[in-house]
Amino acid sequence: MAKDVIISVSVIPASELLSHVVLGLFETAQAAKKVLFQEANFKIFSAHLEKTSAILKELSRQNIDHFESLKNTLEILNREVKAAKQLVVDCSQRNKVYLLLNCRKIVKRLDSCTKEISQALSLIPLASLDISSSINDQICKLCKNMLEAEYRAAVAEEEILAKIEFGIQERNGARSYANDLLFQIAGALGLSTEQSALKEEYEAFKREIEEANLRKEQEESLQMEQIMALLGKADAVTSSEEKEKKYLERRNSLGNQPLAPLKGFYCSLTHEVMVDPVETPSGQTFEKSAIEKWLAEGNKLCPLTNAPLDTSDLRPNKTLRQSIEEWRDRNAIITISNIKPKLQSSEEEEVLQALSKLQELCMERDLHREWAAMEDYISVLVGLLGAKNREIRKDALVILSILAKDSEDKKEKITRMDNALESIVRSLARQYEESKSALHLLLELSESNAAWELIGNVQGCILLIVTMLSSEDNQVATDAVQLLEILSFHNHNVKQMAKANYFKPLLRLLSSGPEDIRISMAKTLAEIELTDHSKLALVKDGALGPLIQMLSQGDLETKKVAVKCLLQLSNLPKNGLQMIREGAVEPLFGVLYRHSLQLPALREQVAATIMNLSISTTNQESDGEQVSLLKSEEDIFKLFSLVSLTGPDIQRSILKTFHALCQSPSGLDIRMRLRQLSAVQVLVQLCEADQHTVRASAVKLFCCLTKDGDDSTFLVHVSQRCIETLLRIIQTSNDVEEIAAALGIIAYLPKNSEMTQWLLNAEALRIIYICINDGNRDVSYKRQVIENAVGALCRFTVSTNQEWQQRVAEAGLIQVLVRLLASGTSFTKQNAAIALKQLSESSKNLSKPVKKHGIFQCCISAPETGCPAHLGSCGVESSFCILEANAVDPLVRMLREPDLETAEASLNALLTLIDAQKPQDGSKVLDNANAIAAIIKLLSSNSVGLQEKCLKGLETIFQSDELKRKYGSSVQMPLVDIAQKKASDMKEIKSLAAKILSQLGVLGVQSSFF
């Protein structure tokens, strides 16, 4: 960005100052585009600055030096542009972590800069300047858009700030908490999670704090130092040497004997040292869980003072808690350091006792694990792996696994110790408990990048792990598969695994081994946590054949295992489609339909698998072979009939199955057949189900069936009780999709007067108002729910019932509809325009004549002019006038929407302002709102229906000679283009276009265009 030119605004002419502001705006806008932090917000900001720059550039073409008021405005703008430039510079150059932790302040600065520039723009004396109405309108529109602009911190940023605030408030000193927080920050900023990169960012952040201290920004400095102290506990920001030095200094200052707890550390109720002490108003201290239990049992008095006591009276005693923690830490350090000599004893029993105590301490806190590592227990434990006693070896392996957990440094230290990996691999070949512990330790170590190649290089390691795939212990099989999957990321290990035939033994034993081994392999496959890559590979390599055979021909236990495997593999669409192709559907249905099976869990898993298969049918490529789950009406009937005959888990899966099938390539046929099978009646009943998941699934499927169903089906089964149930769901459910679906049902149900009256009686309008204006929900809630809520609102605005329209107006929903024209999705805007159009159709008849004043009243009060379109006295609630509701401008903006259905809906609403008998008044209103030019532009759209509506509107508008003169030249070419079209289905609109050309005097009345 170019350096600011030092300029004395008081002595330079306005034109030069304007050029300086325009240049500053342009440069700042370009720089804002390059800001990577809060990129979306800065792109919005940049767009506003660019538009401001372009508009101000138009002013520079005039002689403005004699406008002193304009110069004052430009001085304000110049100041605000400098502030905006500084903000962009800060967010481009300052440390990323610092920026993230100040994201709320940055959002406020963006908001402030935008609004200040907008307000400065609004001060431009437009009336005094000789500028076009177009520029005037652009300035007004830009000011409005900038005032309405919203900037938000990202969800991930807000989550990090909340976690930091919690950590500081709760004084959470856990290293794991700091590690998680630092990795979360790195993820949000796209930083490398390598220790060197994280430490570099942390050091840069520290320098920012030092600069804040130099600037004497005390409040910010204090807050940042608290955050720095919290992050400082993370592994990545402090070297192992620094940590060890601090620990040893502390340990050497403590002595050798643990201290007994102080009397005040004990809880009077439990008589044990407290963990989370809380204080009562009378000054008594108790363990939080103990005193809460005391009060929960019905006691209302303090157990020591008999003073009245309530849970809300309890306050954390943070000072005491810190003292207890310091005492525990002191004793833990002394105990940990005292264990080490005992591990070197020649007495095996003493060694085992010492290992047991060390394991207990290491499992208590990650801080204890860190201290144990600093006492060099890792080398001692690795040395014990060569002991003759198998219990000593097993315990050493377990403690090494605990130490390695969540610590990259310790993983690497264990991995690189002489003979450590070789000793661990030797334990793989020993007795069960030891081999299991060794496998688990290798799994922990494998998460370190340094271990991938080294583990695979140990002779026999891969083969031993593959052999353990056959273990009857599911945990051992799980660890073996996960370890092999991690090792497979290294090419060297892949070659070793290929030699050991990783999946081949598993699949071979699964398909042709003895029955007990086949079931064992299937159990392993069913229980282990497979990656998506592994699931795809298993299906590709032929796992489905043996599994489907086991499902079809095996006994009940075999079927259970096969179903569990298929359920795990079926959650990927590609696998689901392959299962259907290979014939898994028929045996799955065979199990599902066996009501004699007293194994509800098995049938539930079958139903869940079928649900996964149905979801896979929605992911088919349109140009490929289409796969169907249900092939006949009988299949549909048999499956849906189970909804009334099974428990909630199976009900939910079947309902979700049909919901997915309704959206598959055969969805239209499925919906039609479900309606024919009286599915609506069942779904209406399930809307009252006690199980939320069943009810929600039923409501979503019900919504699917209403979208394109015939009215008769719903008129028979949807009662007043059903309507009230749907409204109750909308008010009480926490499931966004369920709320949206319930509103969708109301929107799509037949526009029957009785149903609509039921809705009104049940306060549907109030509920819809709350749904649209609920600002505490997330973006997805607003999008899904508001779209359907506005669609539902359309049924109450029909012009055939002005009583319903009056209820809508009195509920304040007209203003809500107008707001949604500017801020909703395309579908929301479309329905809002439809509702306003229906309301506006009643305005002419409801507009009251303007009262005429007597001769004396004329002298003392200005005459009432009336509505420009309806020529009477209008109001939002009295005549539903869209002019009074300020809906015209947003409707005109909607004419320029890329979505043609949205543009058409706004056109229909705007044309209600034109009275066919007296079109001049409404046409003038549209002209003043710049609507006519937008309508002319729509003549070039690809929609024949939209073109026809535009032509009919223009035919009426051009009854005004003034408007013919104004727009005749601009509309002529689009009309000629339409009139010359050769398509046979455009005969009517060609005639309309020719007729308007005749109106404009371009064609004769008898032209061949007619």
Can you name the nearest heavy-atom pair linking [X] to [Y], along with the distance?
| X | Y | answer |
| --- | --- | --- |
| Ile670 | Leu661 | CG1-O, 4.1 Å |
| Cys794 | Ile834 | SG-CG2, 4.1 Å |
| Val699 | Ala742 | CG1-N, 3.6 Å |
| Leu749 | Met755 | CB-SD, 4.2 Å |

Ignoring hydrogens and geometry, is there a side-chain-to-backbone donor-acceptor pair from [X] to [Y] under 3.5 Å?
| X | Y | result |
| --- | --- | --- |
| Ser628 | Lys631 | no |
| Ser678 | Gln681 | no |
| Gln620 | Pro665 | no |
| Lys751 | Arg795 | no |
| Ser653 | Ile650 | no |
| Ser552 | Gln549 | no |
| Gln805 | Gln838 | yes |
| Asn619 | Ile615 | yes |

If the condition is side-chain contact (heavy atoms from CB on, under 4.5 Å), which residues does [X] pass it with, not counting sequence neighbours?
| X | value |
| --- | --- |
| Lys574 | Leu536 |
| Glu557 | Asp555, Lys560 |
| Lys829 | Met894, Glu897, Thr902 |
| Glu159 | Val155, Gln184 |

Could you pull out all residues at least two apart from [X] that satisfy salt bridge (charged side-chain N to carboxylate O under 4.0 Å, His left out)?
| X | answer |
| --- | --- |
| Glu841 | Lys837 |
| Lys949 | Glu904 |
| Arg673 | Glu633, Asp669 |
| Glu724 | none |

>> Just checking Gln685: does its CD atom have more than 12 heavy atoms from other residues, nucleotides or ligands closer to it than 6.0 angstrom?
In response: yes
Say whether [X] and [Y], considering side chains only, have a donor N or O and an acceptor N or O under 3.5 Å apart.
| X | Y | value |
| --- | --- | --- |
| Arg819 | Asn773 | yes |
| Ser733 | Glu738 | yes |
| Gln784 | Asn788 | no |

> Between Ser753 and Thr756, does a side chain to side chain donor-acceptor pair (under 3.5 Å) hold up when you go through it step by step?
Replying inline: CA-CA 5 Å; Ser753 60; Thr756 305; over 6 Å; no
>> Apply side chain to side chain contact (heavy atoms under 4.5 Å, CB included) to residues Asp649 and Arg652 and explain how you reach the verdict.
In response: CA-CA 5 Å; Asp649 289 327; Arg652 182 188 67 248; 3.0 Å; yes
> Under a 4.0 Å N-O cut-off, is there an ion pair linking Glu688 with Arg721?
Replying inline: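 Looking at Glu688 and Arg721, the cut-off is met.
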> Where do Arg671 and Gln663 land on the side chain to side chain donor-acceptor pair (under 3.5 Å) test, with the steps shown first?
Replying inline: CA-CA 9 Å; Arg671 295 195 294 272; Gln663 298 167 75; over 6 Å; no
> Can you check salt bridge (charged side-chain N to carboxylate O under 4.0 Å, His left out) on Asp735 and Lys700, steps first, answer last?
Replying inline: CA-CA 11 Å; Asp735 185 332; Lys700 294 168 192 175; 3.5 Å; yes
Output side-chain donor-acceptor pairs under 3.5 Å for residues 580-589, partner residues at least two apart or in another chain, one line each.
from	atom 1	to	atom 2	distance (Å)
Arg581	NH1	Gln578	OE1	3.4
Glu582	OE2	Gln578	NE2	2.9

> Can you list the steps and then say if Glu787 with Arg783 is a side chain to side chain contact (heavy atoms under 4.5 Å, CB included)?
Replying inline: CA-CA 6 Å; Glu787 282 184 357; Arg783 182 174 59 253; 4.1 Å; yes
> Less than 4.5 Å apart, any side-chain heavy atom of Leu820 and any of Val790?
Replying inline: yes
> Which residues satisfy the ring pair (Phe, Tyr, Trp, His ring centres under 6.0 Å) test with Phe640, sequence neighbours excluded?
Replying inline: Phe658
>> Nearest 0.5 angstrom please: Ile739 CD1 to Ile767 CD1, how far?
In response: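 Here the interatomic distance stands at 11.5 Å.
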>> Could you walk me through whether Ile768 and Phe796 satisfy the side chain to side chain contact (heavy atoms under 4.5 Å, CB included) test, starting with their C-alpha distance in whole Å, then the side-chain angles of each, then the deciding distance to 0.1 Å, before giving a yes or no?
In response: CA-CA 11 Å; Ile768 289 172; Phe796 303 102; 3.9 Å; yes
> Can you list the steps and then say if Thr706 with Val680 is a side chain to side chain contact (heavy atoms under 4.5 Å, CB included)?
Replying inline: CA-CA 9 Å; Thr706 58; Val680 173; over 6 Å; no
> Can you name the side chain to side chain donor-acceptor pair (under 3.5 Å) partners of Gln553, sequence neighbours left out?
Replying inline: none
>> Listing request: all side chain to side chain donor-acceptor pair (under 3.5 Å) pairs with a residue in residues 608-618, at least two apart in sequence or in separate chains.
In response: Ser570-Asn612
